[in-house]
Novice: 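Okay, here's the structure, questions in a sec.
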Amino acid sequence: MPELPEVESVARTVRSLVRGKTILRCDVIHAIATKPQGPALLRRKAEGQRVEQVERRGKYLIFRLCAGCLVLHFKLDGQLVWFPNRNVAGHVDIALHFEDGALGFVDRRHFGRVLFHRRAEDVPGIAGMGVEPLSREFTPTVLAARLRKSRRPLKLFLLDQTRIAGLGNIYSSEALWRAGLSPRRRAHRVTHAESQRLHKEIVGVLRRALECCLHPAPDFRNPEWWFQGLEKILRVYGREGKSCRRCGGRVRRIDQGGRSTFWCPGCQH
DNA sequence: CCTGCTACCTGATGGC
DNA sequence: TGCCATCAGGTAGCAG
């Protein structure tokens, strides 16, 4: 489910829950979540280790241990649940037990993963990952340079984690709508002024979403809670057939790379 | 190198 | 009600 803002808010919130604490036990309840590694490796490497730091890179959540790190990816449906007093219940794939509670990795669809690596950069997806859009490194010049090098439609360019890290299907549609750019436009054909606009809107939509994700902060104690209420900041995603909030045109849904793109042909060119 | 396509999984929803 | 098709906030791996 989550894109950059959601994972960032999870990282900040779970940090205060587990940083400095020791993983007393690691239960692998559904081994698929450790593929292509095995459950034994994760258990062996995690147990007895203290969580030194919690970080995010793109949509990955990273628990830095004394030796190595746990790398989590939620894919479409993964989430975290905190069980006070270590009373783990429900559909949990992996449970990290601490002294005062257990952190469960939950993913009914089993796309998500919890992996062990010596360094986060050893994860293939992280090794080739692009610029962090909320970092100082992400300037209009950097975006323009990367756009110039790609012939792909803008929507697919924005989804490509090797160019910009952390945008997903929702915020890429939203950023393009805000910038008034068609998702079908080829990246290398975008003008200087347009790429400036796109830069501003990528940062804008992510900041806005992050604020929204932090207020109120994630509540891992409630298994029902997982980023409800974000719809209110969405201007175009999921609005097929409805009228555009800017020009009144009809919002359309098209397929790009096997995923839905929502956009308004009336004001996105 | 770049790009496009499919597999990976399960559950919810809507039409007939 | 049952059945089928479609959709879902993602990425790895492979083919051309």
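This structure is a prediction, so every number in the text was calculated from the model and none was measured. All values below were derived from every heavy atom in this structure, side-chain atoms included, with hydrogens, water molecules and symmetry-related copies excluded. Throughout, protein chains are lettered first and strands after them, A, B, ... in sequence-line order, and every chain is numbered starting at 1.
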Novice: With no hydrogens and no angle check, is any side-chain donor or acceptor of A:Q268 less than 3.5 Å from a backbone partner on A:L181?
Specialist: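 Checked: pair present.
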Novice: Indicate, with a heavy-atom threshold strictly under 4.0 Å, whether A:R259 touches base, sugar-phosphate, or nothing.
Specialist: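 Base, at least one base heavy atom under 4.0 Å.
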Novice: Under 4.0 Å: is that the gap between some side-chain N or O of A:K75 and OP1 or OP2 of B:dC9?
Specialist: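 False: A:K75 side-chain N/O out of range (4.0 Å or more) of B:dC9 OP1/OP2.
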Novice: Would you classify A:R253 as touching base, sugar-phosphate or nothing, given that sugar-phosphate means primed atoms plus P, OP1 and OP2, and contacts are heavy atoms under 4.0 Å?
Specialist: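 The residue A:R253 makes sugar-phosphate contact but no base contact.
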Novice: Expressed in whole Å, how much space separates the P atoms belonging to C:dC4 and B:dC9?
Specialist: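 Each nucleotide's P atom is 22 Å from the other's.
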Novice: Between A:R108 (CZ) and B:dT10 (C1'), how many Å, whole number?
Specialist: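 The answer, rounded to whole Å, is 8 Å.
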Novice: With respect to the phosphate group of B:dT3, does any side-chain polar atom (N or O) of A:R163 fall under 4.0 Å of OP1 or OP2?
Specialist: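 For A:R163, the contact criterion (side-chain N or O under 4.0 Å from OP1 or OP2 of B:dT3) is met.
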Novice: Please figure out whether A:K149 or A:G257 has its closest DNA chain B nucleotide nearer the 5' end.
Specialist: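 Looking at DNA chain B, the more 5' nearest nucleotide goes with A:K149.
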Novice: So, is A:Q161 near the phosphate of C:dT11, with a side-chain N or O under 4.0 Å from OP1 or OP2?
Specialist: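 Looking at the OP1 and OP2 atoms of C:dT11, one of them is under 4.0 Å from a side-chain N or O of A:Q161.
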Novice: What does A:K35 touch in the nucleic acid at a heavy-atom separation under 4.0 angstrom: a base, only the sugar-phosphate, or nothing?
Specialist: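 Sugar-phosphate: the residue A:K35, judged by heavy atoms under 4.0 Å, touches backbone atoms but no base.
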Novice: For B:dC1, what is the paired nucleotide under Watson-Crick or G-U wobble rules, both distances under 3.5 Å?
Specialist: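 Result: none.
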Novice: Check the distance between B:dC9's P and A:H73's NE2 and give it to me in whole angstrom.
Specialist: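 Checked: the NE2 to P distance equals 17 Å.
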Novice: Could you say whether the aromatic ring of A:F111 and the base of C:dT11 stack, counting only centre distances under 5.5 Å and plane angles under 30°?
Specialist: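 No, A:F111 does not stack on the base of C:dT11, since the centre distance and plane angle fail the 5.5 Å and 30° test.
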Novice: Below 4.0 angstrom from OP1 or OP2 of C:dA8, is there any side-chain N or O of A:S260?
Specialist: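 True: A:S260 side-chain N/O within range (under 4.0 Å) of C:dA8 OP1/OP2.
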Novice: If we count only N and O atoms by modelled type, under 3.5 Å, do the side chains of A:H73 and A:R113 hold a donor and an acceptor together?
Specialist: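 Note: A:H73 and A:R113 side chains miss the donor-acceptor criterion.
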Novice: With a 4.0 Å cut-off on heavy atoms, is A:F157 in touch with a base, just the backbone sugar-phosphate, or nothing at all?
Specialist: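 It contacts nothing in the nucleic acid.
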Novice: Hey, which of these two, A:V123 or A:R109, hits DNA chain C nearer its 5' end, going by closest nucleotide?
Specialist: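 In this pair, the answer is A:R109.
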Novice: Aromatic rings A:F220 and A:W225: how do their planes relate, parallel, tilted or perpendicular, breaks at 30° and 60°?
Specialist: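 Because their plane-to-plane angle is over 60°, the rings of A:F220 and A:W225 count as perpendicular.
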Novice: So which heavy atom on A:I126 is nearest to which on A:R57, and how close?
Specialist: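 Looks like CG2-CG, 4.0 Å.
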Novice: By the 4.0 Å heavy-atom rule, please label A:G168 as base, sugar-phosphate, or nothing.
Specialist: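 Sugar-phosphate: the residue A:G168, judged by heavy atoms under 4.0 Å, touches backbone atoms but no base.
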Novice: Which part of the nucleic acid, if any, lies within contact of A:I32, taking any heavy atom under 4.0 Å across all strands shown: a base, the sugar-phosphate backbone alone, or nothing?
Specialist: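 The answer is sugar-phosphate, as A:I32 gets under 4.0 Å only of primed atoms, P, OP1 or OP2.
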Novice: Taking only side-chain nitrogens and oxygens of A:H110, does any of them come within less than 4.0 Å of OP1 or OP2 of B:dC8?
Specialist: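 No, A:H110 has no side-chain N/O under 4.0 Å of OP1/OP2 on B:dC8.
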Novice: Starting at atom CG of A:L72, determine the distance to atom C1' of C:dG10, rounded to an integer number of angstrom.
Specialist: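 To the nearest whole Å, that distance equals 15 Å.
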Novice: Could you tell me how far apart A:D107 (CG) and B:dT10 (P) are, to the nearest whole angstrom?
Specialist: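 So the CG-P distance, A:D107 to B:dT10, works out to 10 Å.
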Novice: Strictly by Watson-Crick or wobble contacts shorter than 3.5 Å, is anything paired with B:dC9, and which nucleotide is it?
Specialist: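 B:dC9 is unpaired by these criteria.
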Novice: Can you tell me the distance, in whole Å, between the CG atom of A:L158 and the P atom of C:dT11?
Specialist: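 It is 14 Å, rounded to the nearest whole Å.
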Novice: Is a side-chain N or O of A:E174 found less than 3.5 angstrom from the main chain of A:L234, in a donor-acceptor match?
Specialist: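 Here the side-chain-to-backbone pair does not exist.
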